[in-house]
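All figures in this text were calculated on a predicted structure; none of them were measured in a lab. First the proteins, then the strands, lettered A, B, ... as listed; each starts at 1.
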Amino acid sequence: MFHIQEKQIQTAFRDLVRIRFGVEAEIVIEQPKQSSFGELALPVAFQLAKALKQAPKKIAADLVEAAGAMPGVASLEVAGNGYINVRFDRGAYGAGLLAGEGEQPAAAAGKTVVEHTNINPNKAAHIGHLRNAVLGDTFVRMLRALGHQVEVQNYIDNTGVQVADVVVGFHFLEQKTPAEVAALIAPEEPGSLRFDYLCWDLYARTSQYYKDHPEALAWRAATLHEIEANHGPLAEMAHLVADAIVNLHLATMLRLNIQYDVLPRESEILHLQFWASAFELLKDRKAIYLEEEGKNKGCWVMPSSAFRGEGDANEDSKVIVRSNGTVTYVGKDIAYQLWKFGLLGKDFYYHPLTRYTDGHDVWVSADTPQPRPAPAFGKATRVYNVIDTRQSYLQDVVVAGLRALGFDAQAEQSIHFSYEMVALSPRCCADLGIELSEEDARRPYVEVSGRKGLGVKADDLMDKLIESALGEVASRHPEDNPVAQQAVAVEIAMGALRYFLLKFTRNTVIAFDFQEALSFEGETGPYVQYAAVRAGRILNKLEERGETLPDFRAELSREAMARQLENEDCWQVLLAASRAGSALERAVTAGEPAHMARYAFQLAQEFSNFYQRFKVLDEPDRERRTFLLWMTEFFALQLKRTLSILGIAVPAYM
RNA sequence: GCGCCCGUAGCUCAGUUGGAUAGAGCGUCUGGCUACGAACCAGAAGGUCGCAUGUUCGAAUCAUGCCGGGCGCACCA
C-alpha cells in the first residue's frame, strides 16, 4: 500500500515538474527524518534550484501551489530550506489497506536464473556455504514475491580437483575399493561417522599428504584423467563420492528450507561437449586466439583488454585452453553461462533426482535421453551468480566472454551477486580448539579452509542451535510434549541462523562467533518470530474466549478509520506495518537481502511496542477494540509474509 | 607492482545511492511481569563518521592524496 502511494506521488510530481518548468527530473522520495514532518519528503526543489536559478524554497512553494489536491494526500507543505513534505489522508489510507489494495505484484516478463550453493561435492558443507545458500535462497524468495519467474540452479562440479583428491585419499592412502566406499556411504552399523564428515577429514589429510609428498600429486593427475575418460575404478569412485555428498548437501540445505530446481553437473558439460560448441563460437568470433609466443605459447587466450579496465597496466591475458588442449575452469564457465541464456545451441538431458515433501522435483542433468519429460531449463533473460567476491576477476572474464561474442544484452544481464567470506573470529577458533599460528592470532579473523579442515560444519552449527533453542523452549513450556518442543526449537534455531547470515550486508566479512550466532535476543530471527507469535496469540485468545473476529470491512468505516488513526502512535505503527512492499522493492533494487531482514526487525519492533502499549483484548471502547484487533491481524499477516520472504517460519508458540 | 573491498558509539553492524538533529543490536546503568506470558518494553550514558585537502546551497556518502586492514591478479577450481 505504502509503495503504491509513493509511486503515485512520484509520477504526479514528475508530470508537475515537466508541465510547470519543462524539465525532466528523477523524483527522489525519502522518509522524513522525523515522523512529525509527515510521511514522505521530496527534495526535488534542491535538485532543480541550480538549473532554474531560483531559490529551492520558491520552487517548492510553486510546486505545492501547482499541485493542488492529490488523491490520498491530506496536505503538502514546504519545510526547511525547500523540502516538500507529504501527509497522507489517514482515513483513506486505512480504508485502502482494509480493502486489500496493492497486494498483487505485477508479473515480470522473462525468466531469471539464480545460481547458488555450488559446493564442491567432496566434503560436508560449512558456514561459508551456508551464507551463499541463504543469500541466494532469500534473494530468490524476494524476486518471486515481486512476481518474477525464477529458476534456481545449483552447479555441481563432480569431476574437479576437489572430488579427485578425496578419491585419491580413498584409493591411494586408504587402499579402499569402490565397494568399500559404497559401504561407508550407507553404513550398516548405526552411529558411524556420516560420509560427508568422513570426507571432510580425508580431504584435509590428502591435502596435507601432498604438502609432505609433492610427488603424490601424480595420483591426482591420474585420477583426474580417469574421471575425464569416465571409466575405471577411480571414475566409479568419483561418481559414488560426488553423488552421495550431493544428496547430503541437499539434505543439509533442506533443513534451512532451501530448495533447488535443477542441478547442472560438470560431468554432463564434459560428456555433451558443451565446451566444444563454446570453443567454436569463441574462435569464430575471434574472442580468443592461439598464442604463438611467450609464456602462454600454445594456449588459446583471451586478451586482457577484453576484461580489464583501460588504465590497467596488467597485460596478462587469460588462458582459456591449456597448451595440452584441456579447457580451464573459466572456459567451462563461459560455456555454462551461454547455456543459461540459451545461446549455446545445446541442452542437457534431465532426470528427476528427488522430490521434496511439497511435491516439487529437483532435476539433475543427464548425458543421455531420459523417459520423463523435463521442464524447460535455462533460456534466461537475466542471470544472477551467487559467488563470493574473491572470484570477481573470473566472473569478469566470463562476462567479457559473452561480450566478445557479441552478446552485449546478455552480458549486461549477467550479474555477479557477490558477497564477502565468512571467517572465524579468534574467539571462535579458541572455542573449536584450533591452535593458531602467531601470525594468524594477530589477525581480526581467520579464513575458513577446506583444505586444512578448518571451519564450522553447517550441520554441527544447526545441531548446536537446536540444542540451545530446545533448552529455552523446554524451560518456558515444560508441560508441552517433547515432539512439539523439538519442532518449535528447530524453527527457532533455523530462524536464528538464517537471520544471522542475512543481517550483514553482502560486502561485510562475517567474523563468525558462536556467541553472536547463538543469540536469540535483540536483532535476531527469534525476536521477529516472537512478535509474529504474540500477534497470533492475541487472535487465538479471542477465540478461546468464545468470540470471533469482527467483520472488519463491515464494522470499520472510513470515518472510523480516520478517527482511530488520529492517534499518532496508531498511525505510525500502521505506517510501518504497511511498508513491506516498499521495503521489498528497495531491497531488490539494491540487491541487498539484508535490507529485507532489517525491515523485518523494524516491523517486529513496531509490533512489540504496539503490544506493550495497547491492551487489545481489554479495550472497553467497541470501535477502538475492533480497530486494534484489525491492526493485530494486519501485523500478524505482514510479519508472517515478511518472515516467509526471509525463509523463516512462524513457530506454533514461543 | 596493479585491481577491488573495508575503516561510523566500548563491541558487532546499518545508514534508503549527495539532504533536515548520524541510527540499531549487544554490553553498562535505571525502571517495568497477576496470562494479550518479559525470547519483551521504557529510559540514560556513549560519536573528531581513519586523517587531510577539494567539489557545492549541503558530504559518513563524490574526487584526490596519505594511514591502517582484508581479498584478488595460475596452463587450480
- Assign B/U17 to syn or anti; the rule is syn for a glycosidic angle within 90° of 0 and anti otherwise.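 B/U17: syn glycosidic orientation.
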Can you tell me how far [atom1] in [N] sits from the matching atom in [M], rounded to whole Å?
N     : M     : atom1 : value
B/G27 : B/U17 : P     : 33 Å
B/A14 : B/G7  : C1'   : 15 Å
B/G50 : B/U12 : P     : 15 Å
B/G65 : B/A77 : P     : 36 Å
B/A38 : B/U34 : C1'   : 14 Å
B/G43 : B/A60 : C1'   : 28 Å
B/G46 : B/C11 : C1'   : 12 Å
B/C49 : B/A22 : P     : 10 Å

- Query: Between A/Ala469 and A/Asp618, who's closer to the 5' end of RNA chain B by nearest nucleotide?
  - Reply: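 Final value for this comparison: A/Asp618.
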- Item | 5'-most by nearest nucleotide on RNA chain B - A/Arg451 or A/Glu472 |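 Of the two residues, A/Glu472 wins.
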Strictly by Watson-Crick or wobble contacts shorter than 3.5 Å, is anything paired with [N], and which nucleotide is it?
N     : value
B/G37 : none
B/C4  : B/G70
B/U53 : B/A63
B/G43 : B/C29
B/U17 : none
B/U48 : none
B/G58 : none

By the 4.0 Å heavy-atom rule, please label [X] as base, sugar-phosphate, or nothing.
X        : answer
A/Arg579 : nothing
A/Val473 : base
A/Arg537 : sugar-phosphate
A/Lys297 : base
A/Leu542 : nothing
A/Lys295 : base
A/Thr508 : sugar-phosphate
A/Arg476 : base
A/Glu447 : sugar-phosphate

- May I ask you to check whether A/Tyr527 and A/Phe601 place their ring centres under 6.0 Å from each other?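 Yes: the rings meet the under 6.0 Å criterion.
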- Do we count A/Phe46 as stacking onto B/G58 if the rule is ring centres under 5.5 Å and planes under 30°?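 A/Phe46 vs B/G58: stacking no.
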Among [options], which nucleotide sits nearest the side chain of [X]?
X        : options             : result
A/Ala79  : B/G72, B/A77, B/A20 : B/A20
A/Tyr611 : B/A38, B/G32, B/C75 : B/A38
A/Val28  : B/U17, B/G15, B/A39 : B/U17
A/Asp157 : B/A77, B/A39, B/U12 : B/A77
A/Tyr393 : B/C40, B/G23, B/G72 : B/G72
A/Ile492 : B/A39, B/C41, B/G15 : B/A39
A/Tyr530 : B/A39, B/G72, B/G70 : B/A39
A/Lys541 : B/U21, B/G37, B/C40 : B/G37
A/His595 : B/A77, B/G15, B/C75 : B/G15
A/Ala41  : B/G72, B/A20, B/A39 : B/A20

- Below 4.0 angstrom from OP1 or OP2 of B/G70, is there any side-chain N or O of A/Arg443?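 So the side-chain polar atoms of A/Arg443 do come within 4.0 Å of the phosphate oxygens OP1 or OP2 of B/G70, strictly under.
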- Check whether any side-chain N or O of A/Tyr527 sits under 4.0 Å from OP1 or OP2 of B/C41, and answer yes or no.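 A/Tyr527 to B/C41 OP1/OP2: side-chain N or O found under 4.0 Å.
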What about [X]: does its side chain form a donor-acceptor pair under 3.5 Å with the base of [N]?
X        : N     : answer
A/Asn85  : B/A20 : yes
A/Ser323 : B/C75 : yes
A/Arg598 : B/A24 : no

Atom [atom1] of [X] and atom [atom2] of [N]: how far apart are they, to the nearest Å?
X        : N     : atom1 : atom2 : value
A/Phe607 : B/A38 : CZ    : C1'   : 14 Å
A/Gln605 : B/G43 : CD    : P     : 12 Å
A/Tyr653 : B/A35 : OH    : P     : 19 Å
A/Phe504 : B/G15 : CZ    : P     : 13 Å
A/Phe601 : B/C41 : CZ    : P     : 8 Å
A/Glu523 : B/C41 : CD    : P     : 12 Å
A/Asp396 : B/C5  : CG    : C1'   : 14 Å
A/Phe614 : B/C40 : CZ    : P     : 21 Å

- Listed partners of A/Arg390 passing side-chain hydrogen bond (donor to acceptor under 3.5 Å, both in side chains), at least two apart: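 side-chain hydrogen bond (donor to acceptor under 3.5 Å, both in side chains) check on A/Arg390 returns A/Asp388, A/Glu447.
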- Task: Could you tell me whether A/Lys7 and A/Glu585 have a side-chain N and a carboxylate O separated by less than 4.0 Å?
- Result: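 The answer is yes: the pair qualifies as a salt bridge.
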- For the pair A/Lys503 and A/Glu516, find out whether any cationic side-chain nitrogen is under 4.0 Å from an anionic carboxylate oxygen.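 Salt bridge absent between A/Lys503 and A/Glu516.
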- Quick one: sort the A/His249 and A/His129 rings into parallel, tilted or perpendicular, breaks at 30° and 60°.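 Judged by the thresholds at 30° and 60°, the geometry between A/His249 and A/His129 is tilted.
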- Message: Run the ring pair (Phe, Tyr, Trp, His ring centres under 6.0 Å) test on A/Tyr210 and A/Trp219 for me, step by step, so that the C-alpha distance in whole Å, both residues' side-chain angles and the decisive distance to 0.1 Å come before the verdict.
- Response: CA-CA 10 Å; A/Tyr210 288 144; A/Trp219 294 341; 7.6 Å; no
- Scan side-chain atoms only and decide if A/Glu6 and A/Ser582 contain a donor-acceptor pair under the 3.5 Å cut-off.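 Distance-only check passes for A/Glu6 and A/Ser582.
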- Which residues pass the ring-ring contact (aromatic ring centres under 6.0 Å, His included) test with A/Phe614, sequence neighbours left out?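 Expected list: A/Phe610.
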- Item | Row check, A/Phe514 ring normal vs A/Lys464 NZ/CZ: under 6.0 Å, within 45° |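 Judged by the rule, A/Lys464 and A/Phe514 form a cation-pi pair.
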- Check whether NZ of the Lys or CZ of the Arg A/Arg506 lies under 6.0 Å from the centre of the six-membered ring of A/Tyr419 and within 45 degrees of that ring's axis.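 Judged by the rule, A/Arg506 and A/Tyr419 form no cation-pi pair.
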